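Here the structure comes first, spelled out in structure tokens, and everything after it is commentary.
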Amino acid sequence: MDYVIAGCGGAGINAASAIRKLDKKGKIVIISKDDPYTPVFLADYLLGEDESKLHIVEKDFFEKLKLEFIKGEIKQVRDSSVTLNNGEEIGFDRLLIATGSKPFRPPVPGIDKENIFTFHSLGDAARIKEVARESERAAVVGAGPVGLEIAYALTELGLKVFVIEMMERVLPGIVDEEIAEMVESEFRRLGVEIITGRKVEEFTGEKKVKSLIAGDEIEVDLAVLSTGVTPNLPEMEGIRIRQGVVVDRRMESSKEGVFAAGDVAEAEDVFGTFCLTPTWTSAVTQGKIAGTNMAGGNVYHEGSIRMNIVKKSDVPVLSVGKMEGDSETFRGGKIFRRAYFDGDFLTGFQSAGIHSDLSLSGLIQFLIKKRVPVKDKKLFVRRPQSFRNWSRLHNLALAGNS
Ligand SMILES: Cc1cc2nc3c(=O)[nH]c(=O)nc-3n(C[C@H](O)[C@H](O)[C@H](O)COP(=O)(O)OP(=O)(O)OC[C@H]3O[C@@H](n4cnc5c(N)ncnc54)[C@H](O)[C@@H]3O)c2cc1C
């Protein structure tokens, strides 16, 4: 069997390992524009952490698993072959599309000026690091989890940072007003100017950015766009695409033998809605499932759950699932927690102010996925750790998934 994997991020790498577990002899070719790394720690890299923190495989990974690695870009997917940017054509029996996502650049006049960056790749982070050294003022456009991490990192590097968010509060769609306010006041305490409810109308300057207009004019030496991502789709024939490559619970697309996983895949979430789930955990899980099925296994994805963590600053945030339905809230000292329920079943959870809650993410996902009834909701938001006795089951479930 000849396998081709497009992309070597979390999804591609985990798919390759899963295929090799089942098929010791098949030819596996991984084609990727970049070497394997995770963007999850890019903000740490900006703050001076070694690049090796981003590496996701050992140096001998490809050799050990007998994988062929081609550094290149897939331009087109045909019936049983892919075409690379250099014109080379490579045939496959099974294909995985795991090309991730690309940053969205809003159509704002002046956005192509120098020193306006996205924050998606190691190259982006390296250039920002260089420019930040000789800059005093920076703007971050977008106050989602990644935007806030960049704002934190640039502030730590000594820059005066302005965060501009077009919605009325930070972390829109991720947390409720109370947590957004906690985060905003923490960032203000750190010296960050948070400007919400304003759209960037223009970037000014000759070659380099000089200022941005968002109601008022703000002078900056650099700007970082953190305005969302869209799937990175090579040209494809006969494969169903909506927001991303539409896949079933085996991660197979509408075309037999062609699979998709990670940021590029539009899959059913745990609540039965087809959506993109651009998170590292989803990419890893979906990659494993796709790889297993490509090599003749038969495993099903039980559905992704959106999860966001903002770990920098003294107001760490965890947000998991969907924030709809009845809710129960707990406030105590610096801690705020809110859980959402459908009857007795947990559907969403958000917490701010306490670092140890970040480690609840696995437990919360488990309770949502397995529909474990939560009878005492008040106790749950007060002491979610008390549900740790579920962790034995949780660990068993994880072992079953690995
Ligand atoms: C700054 C930042 C911070 C993040 N922090 C978190 C976090 O804290 N927690 C979390 O869960 N998620 C986080 N994410 C999201 C997470 O990193 C992604 O969801 C995850 O990396 C997606 O994995 P993937 O394998 O689908 O794609 P990627 O990891 O993006 O890998 C895609 C690969 O495909 C290659 N490629 C693209 N196009 C082609 C082509 N045409 N031909 C060949 N190769 C191609 C690329 O070079 C790359 O190697 C963060 C993302 C960013 C950018």
Side-chain angles (χ1 to χ4, degrees), residues 4-16 29-46 54 56-57 69-77 82-86 88 90 95-104 117-125 128 140 142 144-153 174 224-236 244-245 247 251 260-267 276-288 290-291 304-312 316-320 358 361 365:
V4 167
I5 297 177
C8 69
I13 286 294
N14 281 282
V29 180
I30 304 189
I31 303 158
S32 190
K33 283 201 292 194
D34 295 292
D35 292 324
Y37 70 88
T38 177
V40 169
F41 301 115
L42 277 180
D44 301 275
Y45 171 73
L46 208 54
L54 309 179
I56 54 173
V57 293
F69 180 70
I70 299 177
K71 194 139 182 194
E73 181 177 358
I74 292 178
K75 282 288 180 197
Q76 199 177 21
V77 176
V82 293
T83 310
L84 273 59
N85 50 340
N86 63 3
E88 193 181 347
I90 297 174
L95 169 71
L96 175 69
I97 303 165
T99 43
S101 53
K102 57 182 177 216
F104 171 69
F117 303 97
T118 53
F119 192 67
H120 201 75
S121 66
L122 198 49
D124 293 335
I128 293 170
V140 176
V146 174
L148 291 181
E149 283 216 348
I150 304 164
Y152 181 89
I174 290 175
V224 186
L225 308 171
S226 180
T227 42
V229 292
T230 53
N232 215 345
L233 296 164
E235 215 179 291
M236 295 180 222
V245 180
V247 290
M251 307 312 297
D263 284 9
V264 82
E266 183 179 334
L276 304 168
T277 317
T279 63
W280 183 256
T281 4
S282 288
V284 169
T285 310
Q286 293 182 353
K288 284 180 188 169
S304 303
I305 302 182
R306 182 198 56 77
M307 183 185 73
N308 295 102
I309 288 179
V310 185
K311 51 188 178 304
K312 305 271 189 254
V317 176
L318 169 70
S319 166
V320 186
L358 301 186
S361 62
Q365 289 185 69

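Indexing begins at 1, ligand by ligand and atom by atom, following the structure's order. Treat the numbers as computed from the prediction; the structure is a model and nothing was measured. Residues take their numbers from the sequence shown, with the count starting at 1.
With respect to the salt-bridge test (charged N to carboxylate O, under 4.0 angstrom), the residues D263 and K102 do not qualify.
No side-chain heavy atom of F119 sits under 4.5 Å from any side-chain heavy atom of P103. Between L233 and V264, some side-chain heavy-atom pair lies under the 4.5 Å cut-off. Within the 4.5 Å cutoff, side-chain heavy atoms of S319 are placed close to those of R306.
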Which protein N or O atoms sit under 3.5 Å from any N or O of ligand 1? Give atom names and distances.
from     : atom 1 : to   : atom 2 : distance (Å)
ligand 1 : 11 (O) : W280 : N      : 2.9
ligand 1 : 12 (N) : W280 : N      : 3.2
ligand 1 : 19 (O) : D263 : OD1    : 2.7
ligand 1 : 19 (O) : D263 : OD2    : 3.4
ligand 1 : 19 (O) : P278 : O      : 3.2
ligand 1 : 19 (O) : T279 : N      : 3.2
ligand 1 : 19 (O) : T279 : O      : 3.4
ligand 1 : 25 (O) : G10  : N      : 3.1
ligand 1 : 25 (O) : A11  : N      : 2.9
ligand 1 : 26 (O) : D263 : N      : 2.9
ligand 1 : 38 (N) : N232 : ND2    : 3.4
ligand 1 : 41 (N) : I74  : O      : 3.0
ligand 1 : 42 (N) : I74  : N      : 2.8
ligand 1 : 44 (N) : K33  : N      : 3.2
ligand 1 : 47 (O) : D34  : N      : 3.0
ligand 1 : 47 (O) : D34  : OD2    : 2.6
ligand 1 : 49 (O) : S32  : OG     : 3.0

Review point. Given the rule in the side chain to side chain contact (heavy atoms under 4.5 Å, CB included) test, do M236 and I97 qualify, once you have shown the distances and angles that lead to the verdict?
Key: CA-CA 10 Å; M236 295 180 222; I97 303 165; 3.6 Å; yes
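The minimum heavy-atom distance linking L318 with S361 is given by the pair CD1-CB, 3.8 Å.
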